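Just so you know, these numbers come straight off a predicted model, no measurement behind them. Excluded from the calculations below are hydrogen atoms, water molecules and symmetry mates; all remaining heavy atoms, backbone and side chain alike, are included. Lettering of chains follows the sequences in order, A, B, ..., and the numbering in each one begins at 1.
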Protein chains: 2
Amino acid sequence: MNQRVFKALADPTRRAILKRLRSGSCTAGELGTLFPIRGASLSYHFNILKGAELVRTERRGMHIVYSLNTTVMEEVATVLMEMFGQSTDEGES
Amino acid sequence: MNQRVFKALADPTRRAILKRLRSGSCTAGELGTLFPIRGASLSYHFNILKGAELVRTERRGMHIVYSLNTTVMEEVATVLMEMFGQSTDEGES
DNA sequence: TAACTATTTAGGGTTTTATCTAATTACCTG
DNA sequence: CAGGTAATTAGATAAAACCCTAAATAGTTA
């Protein structure tokens, strides 16, 4: 889990994308219909999510399918828990 | 837990402040010695952390003591777990 | 009250972020 | 191959973030 994860989670549109992906993989176009921004802007957000390894992509014919990388999300939650749950004096990755 | 928490966590200086506070409360001045930025900039970060309710302050004489609000941190971790751990189709606050 | 210390606020400059339109790439199909 | 659809990249712009210096505020102490 890298530094970029926190930046990626800071934007509400990106969190909404992640939330949507939770209920199943989705093409870029489908996601585009859910938000009031242009495809190019979505693409910008996808790149940030990919950089944080929060999503994965796979081309399927004419479409590109996005899916959630739940592993990294769980890591984030775990790290936060370790950092702030109780003082074990450790917790940085 | 509000929207601002994610923004607050997005900055490395603020995460370092939180991490430091984990080992105990601290005055603004003490925290200032730990980072290569001016007091005014620290104050800016403190305001963001306070807005996110991640820290609490208490004036003690001439100093202002900062302490961690671990409750909110745990909430964040929990929300992330709920959102991305497994698909229970719920998890928004 | 005057001088001193700790911290915040105000105002400004630079960098980064989020969005847009237009152009491009990648694939599919007739 | 030519035309069409899906998605990304390029370039521009407005807003937000972060940092600084200087000034203001709040409390302490002689």
Side-chain angles (χ1 to χ4, degrees), chain A residues 1-21 23-69 72 76, chain B residues 1-21 23-69 72 76:
Chain A
M1 185 203 107
N2 69 66
Q3 173 89 273
R4 290 173 223 172
V5 172
F6 290 107
K7 287 272 186 194
L9 290 173
D11 183 84
T13 297
R14 289 193 291 268
R15 288 199 304 277
I17 291 170
L18 292 172
K19 191 178 179 195
R20 167 60 189 80
L21 288 178
S23 62
S25 299
C26 212
T27 69
E30 284 174 312
L31 285 167
T33 65
L34 302 173
F35 302 96
I37 59 177
R38 298 291 177 179
S41 302
L42 256 308
S43 225
Y44 161 78
H45 288 302
F46 292 153
N47 271 329
I48 290 171
L49 291 169
K50 277 193 282 189
E53 296 183 277
L54 286 164
V55 301
R56 300 221 195 75
T57 62
E58 172 199 358
R59 182 173 269 280
R60 197 171 299 172
M62 208 143 64
H63 297 274
I64 292 181
V65 177
Y66 280 83
S67 52
L68 201 58
N69 182 354
V72 172
V76 179
Chain B
M1 186 202 105
N2 69 65
Q3 173 88 274
R4 290 173 222 171
V5 170
F6 291 107
K7 287 273 186 194
L9 290 173
D11 183 84
T13 297
R14 289 192 292 268
R15 288 198 304 275
I17 291 171
L18 292 172
K19 192 179 178 193
R20 167 59 188 80
L21 288 178
S23 62
S25 299
C26 213
T27 69
E30 285 175 312
L31 284 168
T33 66
L34 301 174
F35 302 97
I37 60 177
R38 299 291 179 179
S41 302
L42 256 309
S43 224
Y44 161 77
H45 288 302
F46 292 152
N47 271 330
I48 290 171
L49 291 170
K50 276 192 283 188
E53 296 183 276
L54 286 165
V55 301
R56 299 221 196 76
T57 62
E58 171 199 357
R59 181 172 271 277
R60 197 172 299 172
M62 208 143 65
H63 296 273
I64 291 181
V65 178
Y66 280 84
S67 53
L68 201 59
N69 182 355
V72 172
V76 180

Which protein N or O atoms sit under 3.5 Å from an N or O of nucleotides 4-6 of chain D?
| residue | atom | partner | partner atom | Å |
| --- | --- | --- | --- | --- |
| D:dA6 | O3' | A:H63 | ND1 | 3.4 |

Is a side-chain donor or acceptor of A:R60 paired with a backbone partner of A:T27 at a separation under 3.5 angstrom? no
Look at B:Y66 and C:dT8 and indicate whether a side-chain polar atom (N or O) is within less than 4.0 Å of OP1 or OP2. yes
Between P of D:dA7 and CZ of A:R60, the distance in whole Å: 12 Å
Given D:dT9, is OP1 or OP2 found less than 4.0 Å from the side-chain N or O atoms of A:N47? yes
Gap between atom NZ of A:K50 and atom OG of A:S43 - 0.5 Å precision: 7.0 Å
Set of ring pair (Phe, Tyr, Trp, His ring centres under 6.0 Å) partners for A:Y44, sequence neighbours left out: none
For the CZ atom on A:R4, are there more than 12 heavy atoms of other groups (residues, nucleotides or ligands in this structure) within a distance under 6.0 Å? no
Starting at CZ of A:F46 and ending at P of C:dT19, how long is that distance when rounded to a whole Å? 12 Å
Those stems involving DNA chain D that have three or more consecutive Watson-Crick or G-U pairs, both distances under 3.5 Å, are C:1-30 with D:1-30
Answer whether the closest heavy-atom distance between the side chains of B:K7 and B:I48 falls below 4.5 Å. no
A side-chain contact here means heavy atoms from C-beta on lying under 4.5 Å apart; do B:L18 and B:L54 qualify? yes
Results of side-chain hydrogen bond (donor to acceptor under 3.5 Å, both in side chains) for B:H63 - residues two or more places apart only: none
Check side-chain hydrogen bond (donor to acceptor under 3.5 Å, both in side chains) between A:R38 and all other residues, then give those that pass, not counting sequence neighbours. none
So do the side chains of A:L31 and A:F46 get within less than 4.5 Å of each other, counting heavy atoms only? yes
So A:H45 and A:I37, do their side chains get closer than 4.5 Å, heavy atoms only? yes
How would nucleotides 10-21 of chain D be written as a contact map, 5' to 3', with B for base contact, S for sugar-phosphate-only contact and - for no contact, using protein heavy atoms under 4.0 Å? -------SBBBB
